[in-house]
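Beneath this line is the structure, given in structure tokens, with notes to follow.
As the structure lists them, so they are numbered: ligands from 1, and atoms in each ligand from 1.
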Amino acid sequence: MSENILFNQGQSISSKYDFSKTYLSADIFKKKDGSGPAPSPQFPERITLSDGTDIPLIGFGTFRLNGGHGVNTMLQALKTGYRSLDTAVNYENEGAVGEAIQRTSLNREDLFITSKLPGRHQKFDDTITTIQESLFRTKLDYFDLYLIHWPNPLADNYVEAWQGLIEAQKMGLVRSIGVSNFLPEHLERLEKETGVLPVINQIELHPYWSQPKQRKFNKDHGIFTQAWSPLGRANAVLQDETIRKIAEAHHKSIAQIILRWELQLGVGVIPKSSSSKRQFENLNLFDFELSTAEVNLITNLDKPNGRTNNQDPAIYQEF
Ligand SMILES: NC(=O)C1=CN([C@@H]2O[C@H](COP(=O)(O)OP(=O)(O)OC[C@H]3O[C@@H](n4cnc5c(N)ncnc54)[C@H](OP(=O)(O)O)[C@@H]3O)[C@@H](O)[C@H]2O)C=CC1
Ligand SMILES: O=C(O)C(=O)[C@@H](O)[C@H](O)C(=O)CO
């Protein structure tokens with residue numbers, strides 16, 4: 001594995017991240033006939049999942065981006081260089097995602113669209129029809145990734161939902177299947193009862209809740225960790241003094257330091273922003289590197305009760 005990655009601007013940076021399967025921006029942008037739009041210098045780098053699918057390391061979070069404002073914000077994000085949109089049935093904005101996709105001139109194959117199955121539809125047949133309804137709302141033929149949003153272990157239907165996702169993948173409705181908010185015991189049960197592990201586990205992760213054990217479990221099982229609320233939903237972490245000092249040393253914003261720390265942990269990120277300036281900032285993470293000491297300083301900010309909204313997947317019930 002090379003430690004030095006050449007980006008399309010011609011600059012070279014060293015990285016501890018495994019970028020061995022990372023594309024150069026221009027490669028992804030080319031159409032089969034060699035034509036197509038000029039590559040964006042902000043195009044997010046990609047990594048290959050255990051099923052062979054490529055996913056942008058930086059996606060765009062869409063929670064609370066609904067209606068016309070949602071469509072405009074997503075279009076702005078696509079213009080800025082994002083290629084991955086993270087939605088869910090429960091965000092009630094799959095329609096806005098579909099509208100933004102219809103209005104952009106980008107090709108479908110250049111986009112990576114994720115949605116998520118809500119707790120109330122975790123029965124096998126429901127899983128299939130819910131995915132079909134998500135496809136109708138987004139006006140898509142397939143999702144790049146579909147996740148079980150929460151395990152809801154007290155209802156205990158997540159294995160059946162997982163069997164539904166496996167079937168939906170066979171039907172061609174989804175390219176990759178994964179989960180969100182799954183603890184080791186939930187993942188072990190999926191493997192034991194279906195023989196199929198998710199390729200992604202999307203979990204809450206930011207400096208005050210950095211999840212070392214869950215990250216290790218995911219990595220040991222070939223499951224890519226993707227961080228939700230990677231900026232802690234703009235809570236106190238964006239004023240943290242330790243991170244502020246690191247940000248000043250690198251001439252970057254606190255948000256950029258946090259997102260870069262997550263990438264260096266080997267985690268993908270899906271920050272949400274309504275502002276084009278902050279969207280741009282959150283995508284520009286590849287021209288600097290944190291030292292091991294800086295990474296450790298941030299990792300040590302972890303708090304025992306650091307969740308943003310006290311949502312513990314062992315007991316949290318999502319409708
Ligand atoms: N699977 C799951 O269970 C969950 C998944 N998610 C997904 O993760 C995504 C991201 O998480 P989310 O909860 O939205 O929170 P984030 O951690 O992405 O934080 C978003 C907040 O940070 C602000 N912000 C964004 N960029 C910057 C910046 N550069 N500087 C300062 N402030 C900034 C935004 O404000 P502004 O918009 O004004 O820029 C907004 O208030 C969601 O949108 C959703 O797609 C979220 C929760 C649970
Ligand atoms: O945003 C999501 O994906 C969720 O799972 C929600 O539960 C969200 O975290 C929330 O806080 C809703 O109140």
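Interface atoms of ligand 1 facing H149, defined by a heavy-atom separation under 4.0 Å, are 1 (N), 2 (C), 3 (O). Short contacts between ligand 1 and W150, defined as distances under 4.0 Å to a heavy atom of the residue, involve ligand atoms 3 (O). Annotation for ligand 1: atoms under 4.0 Å from non-hydrogen atoms of L238 are 31 (C), 32 (N). Close approach to G61 involves these atoms of ligand 1, each under 4.0 Å from a residue heavy atom: 9 (C), 42 (C), 43 (O), 45 (O). Near S180, meaning under 4.0 Å from one of its heavy atoms, ligand 1 places the atoms 1 (N), 2 (C), 3 (O). Close contacts of ligand 1 with I270, meaning ligand atoms under 4.0 Å from a residue heavy atom, involve 7 (C), 8 (O), 9 (C), 10 (C).
Across Q256, K116, K272, E318, heavy-atom proximity to atom 40 (C) of ligand 1 is greatest for K272. Distances from atom 11 (O) of ligand 2 to the heavy atoms of N90, T87, N309, N310 put N309 nearest. Residue nearest to atom 3 (O) of ligand 2, selected from F63, Y91, W228: Y91 (by heavy-atom distance). Among Q202, R64, K277, R278, the residue whose heavy atom lies nearest to atom 28 (C) of ligand 1 is R278. Nearest-residue assignment for atom 37 (O) of ligand 1 (options P230, S274, S276; heavy-atom criterion): S274.
For atom 4 (C) of ligand 2, the nearest non-hydrogen atom of the protein is H149 NE2, 3.6 Å. Atom 23 (C) of ligand 1 has A234 CB, 3.9 Å as its closest protein atom, hydrogens excluded (heavy atom only). Nearest to atom 3 (O) of ligand 1 among the protein's heavy atoms is N181 ND2, 3.0 Å. Of all protein heavy atoms, the one closest to atom 7 (O) of ligand 2 is Q311 NE2, 2.9 Å. Protein heavy atom at the shortest distance from atom 12 (P) of ligand 1 is S229 OG, 3.6 Å.
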Check against salt bridge (Lys or Arg N to Asp or Glu O under 4.0 Å), R103 and E99: CA-CA 6 Å; R103 290 189 192 201; E99 189 61 26; 2.9 Å; yes
Side chain to side chain contact (heavy atoms under 4.5 Å, CB included) between T73 and Q279, intermediate numbers included: CA-CA 10 Å; T73 306; Q279 289 173 7; 3.6 Å; yes
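Not a single N or O atom of R64, backbone or side chain, sits closer than 3.5 Å to an N or O atom of ligand 2. The shortest N or O to N or O distance between R233 and ligand 2 is below 3.5 Å. For ligand 2, the polar-atom distance check against K116 finds no nitrogen or oxygen pair separated by under 3.5 Å.
In this structure, Q202 has no heavy atom closer than 4.0 Å to ligand 2. Proximity of E318 to ligand 2 is not established, as no heavy-atom distance is less than 4.0 Å. Taking 4.0 Å as the cut-off, F60 does not count as a neighbour of ligand 1 on heavy-atom distance. Assignment of G232 to the shell around ligand 1 is supported, since a heavy atom sits closer than 4.0 Å.
In this pair, F63 and Y91 present their aromatic rings tilted. The plane angle is within the 30 to 60° band. In this structure, F217 and H221 have parallel ring planes: the angle between them is below the 30° cut-off, well short of the 60° mark. Ring pair H186/Y158 is perpendicular by interplanar angle, where above 60° counts as perpendicular and below 30° as parallel.
By the criterion of a heavy-atom distance under 4.0 Å, the side chain of A255, and not its backbone, is placed next to ligand 1. Contact annotation for N282 and ligand 1: only side-chain heavy atoms (C-beta onward) come within less than 4.0 Å of the ligand. Of the heavy atoms in E204, none comes closer than 4.0 Å to ligand 1. Residue I254 does not touch ligand 1, judged by heavy-atom distances below 4.0 Å. With a 4.0 Å cut-off on non-hydrogen atoms, L65 does not touch ligand 1 at all. The part of Y316 lying near ligand 2 is the side chain, judged by heavy-atom distances below 4.0 Å. By the criterion of a heavy-atom distance under 4.0 Å, both the backbone and the side chain of R233 are placed next to ligand 1.
With hydrogens and angles left out, the side-chain atoms of T308 and E204 include a donor and acceptor closer than 3.5 Å.
H250 pairs with exactly one of Q256, E294, E289, R260 by the side-chain hydrogen bond (donor to acceptor under 3.5 Å, both in side chains) rule, that one being E294. V89 pairs with exactly one of R137, K116, E133 by the side chain to side chain contact (heavy atoms under 4.5 Å, CB included) rule, that one being R137. For the side-chain hydrogen bond (donor to acceptor under 3.5 Å, both in side chains) criterion with R120, the lone passing option out of N90, T130, N152, N157 is N90.
Counting only heavy atoms from C-beta outward, the side chains of W228 and Q226 never approach each other to under 4.5 Å. Counting heavy atoms from C-beta on, the side chains of V267 and L205 come closer than 4.5 Å. Looking at L57 and L285, their side chains never come closer than 4.5 Å, going by heavy atoms from C-beta outward. F60 places none of its side-chain heavy atoms less than 4.5 Å from the side chain of N282.
Ionic pairing of K277 and E281 is present here: one or more N-O contacts between side-chain nitrogen and carboxylate oxygen are shorter than 4.0 angstrom. Contact check on D54 versus R83 returns no salt bridge, with no Lys/Arg side-chain nitrogen under 4.0 Å from an Asp/Glu carboxylate oxygen.
The neighbour count for N305 CG, taken as heavy atoms of other residues, nucleotides or ligands under 6.0 Å away, does not exceed 12.
At least one cation-pi condition fails for R175 and F112: the charged atom is not both under 6.0 angstrom from the six-membered ring centre and inside a 45 degree cone around its axis.
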